There are 2 protein chains.
Amino acid sequence: MRADARRNRDQVIAAATAVIAEEGPDASLNEIARRAGVGPGTLYRHFPTRRELIAAVFRERVETLCAGADRLAAASPPGEALTAWMRAMLKHVLTDRGLATAMMDIGPVAGFDCHALLRSTAGRLLTAAQAAGAVRPDLQVEELFQLITGIAHATPDLPHATRLLSLTLEGLHAPH
Amino acid sequence: MRADARRNRDQVIAAATAVIAEEGPDASLNEIARRAGVGPGTLYRHFPTRRELIAAVFRERVETLCAGADRLAAASPPGEALTAWMRAMLKHVLTDRGLATAMMDIGPVAGFDCHALLRSTAGRLLTAAQAAGAVRPDLQVEELFQLITGIAHATPDLPHATRLLSLTLEGLHAPH
DNA sequence: GTGCAAACGGAGAAGTTCTCCGTATTATAG
DNA sequence: CTATAATACGGAGAACTTCTCCGTTTGCAC
């Protein structure tokens, strides 16, 4: 890869990170290119679709989130590790508006599959929690994600979202 | 209101219903105007914002949904009436992509507040269910909506969404 | 009928995404 | 160190969007 190409690519990702943080994942690609100091053509050559750009931006964040899972699994009993990780994921998802949508909507892209990485990470935690009898055995990983991203979509407020997650974990029916 | 104005207004709503059903709530307003056989200016005069147009489109549906609540309340015990209505709402919300977003995002508009109508309807069912001890007493109406619309956002498939709702009702933890 | 208030609709301004292609830059071979 | 070929650049512009303005047409009350 040529030096100027690499440099431009990095500048576009940096600009995209900033602009998406400000305006969400629907931010204008022209604006991102302008801030990166490149022409629109350059942006589109490096990232033919918006999805690929978003995937590049979020790659680092997702990897951080998944790395945390191992620490949690080592430090807590399986059931608690899972719920703690779900809360962590919820927090990450809320940090940038649209991360949730991005993660669920974006398929495998350019040699990095956010979704698959998250799924295998969550899958390990879930299986362990189920083996320990802490979580209902018929629960699927996909369902976990869908509930979390659904909650994240419903409110931007972290305490509020955490409350919704608790409700979901415990159920809406009255305890008796 | 002049006859031609009324006629055009109705045609725009009819066209919007069709186009939104096909393309979701982000459908092009130009396309809606074209199909209604009016100019863009006419559409914008009747509905200055997209929100007002969407509110008009969904008004009828929401009223139908809320009317069903009374029938349910009369026919079933409070707890079952609530869960049945939640399933009905989920179904309605899934029927048109974006109804969920529309209902939650759109505030009071043009003398009709989708959100308030839904809230008071659901509030009645919820209070009754709580009084009967079927639902946890700390649950808020808003939370109910947020969970439902979150689920609807997570998947367009009704059986799948219904399963997520069941999970939420019963909780993710293992029964023991 | 006739007049005027009201509504119409299209042109167009300003924004978007995305493409094409002539120009400029870079790496490399001699 | 220079010449060349491959590569990347970036701006112009096409096709779309939302939304506004205003000259023209229409319906209704008198």
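Note that the coordinates shown come from a computational prediction; the quantities given were computed from them, not determined experimentally. Just so we're on the same page: letters track the sequence lines, and every chain starts at 1.
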Is the closest side-chain heavy-atom distance between B:Leu90 and B:Leu164 below 4.5 Å? no
If you look at every strand shown and take non-hydrogen atoms under 4.0 Å, does B:Pro48 touch a base, only sugar-phosphate, or nothing? nothing
Please report, rounded to the nearest Å, how far the P atom of D:dC16 is from the CD atom of B:Glu23. 13 Å
For A:Asp26 and for B:Gly37, find the nucleotide of DNA chain C with the closest heavy atom, then tell me which residue's nucleotide is more 5'. B:Gly37
Tested for side chain to side chain contact (heavy atoms under 4.5 Å, CB included) against A:Pro159, the lone hit among A:Thr155, A:Asp157, A:Thr162 is A:Asp157
OP1, OP2 of D:dC16 versus side-chain N and O of B:Ser28: anything below 4.0 Å? no
Side chains of A:Leu169 and A:Arg87: closer than 4.5 Å at any heavy-atom pair? yes
Please tell me which of B:Arg7 and B:Pro40 maps to the more 5' nucleotide of DNA chain D, matching each residue to the nucleotide holding its nearest heavy atom. B:Pro40
Within the pair B:Tyr44 and D:dC19, is there a side-chain N or O less than 4.0 Å away from OP1 or OP2? yes
It should be established whether A:His46 places a side-chain nitrogen or oxygen under 4.0 Å from OP1 or OP2 of nucleotide D:dA8. no
Starting from C1' on D:dG10, measure out to CZ on A:Arg9 and report it in whole angstrom. 19 Å
Just how far, in rounded Å, is P of C:dT16 from CZ of A:Arg34? 10 Å
Figure out the CG/C1' separation between B:Leu29 and D:dC16, and round it to whole Å. 13 Å
Take the protein atom CD of A:Glu52 and the nucleotide atom P of C:dT17, then report the distance between them rounded to whole Å. 16 Å
Over how many whole Å does the gap from B:Ile32 atom CD1 to D:dC19 atom P extend? 12 Å
Would you say B:Ile20 and B:Phe58 make side-chain contact, with heavy atoms under 4.5 Å? yes
What does A:Thr42 touch in the nucleic acid at a heavy-atom separation under 4.0 angstrom: a base, only the sugar-phosphate, or nothing? base
Quick one: is D:dC9 close enough that its OP1 or OP2 comes under 4.0 Å of any side-chain N or O from A:Arg45? yes
Just call it for A:Ala36: base, sugar-phosphate, or nothing, with non-hydrogen atoms closer than 4.0 Å on any strand. nothing
In whole angstroms, the gap separating C1' of C:dT16 from CZ of A:Arg50 amounts to 10 Å
Hey, does A:Ala33 reach any base, or is it just sugar-phosphate, or nothing, if we go heavy atoms under 4.0 Å? nothing
Which part of the nucleic acid does B:Asn30 contact within heavy-atom distance under 4.0 Å: base, sugar-phosphate only, or nothing? base
Using only side-chain N and O atoms of B:Arg2, determine if any of them is under 4.0 Å from OP1 or OP2 of C:dA5. no
Given D:dA8, is OP1 or OP2 found less than 4.0 Å from the side-chain N or O atoms of A:Asn8? no
Between the side chain of A:Trp85 and the main-chain N/O of A:Leu65, is any donor-acceptor distance below 3.5 Å? yes
Is the closest basic N to carboxylate O distance between B:Arg136 and B:Glu143 below 4.0 Å? no
Separation of B:Arg51 atom CZ from D:dC19 atom C1', in whole Å? 17 Å
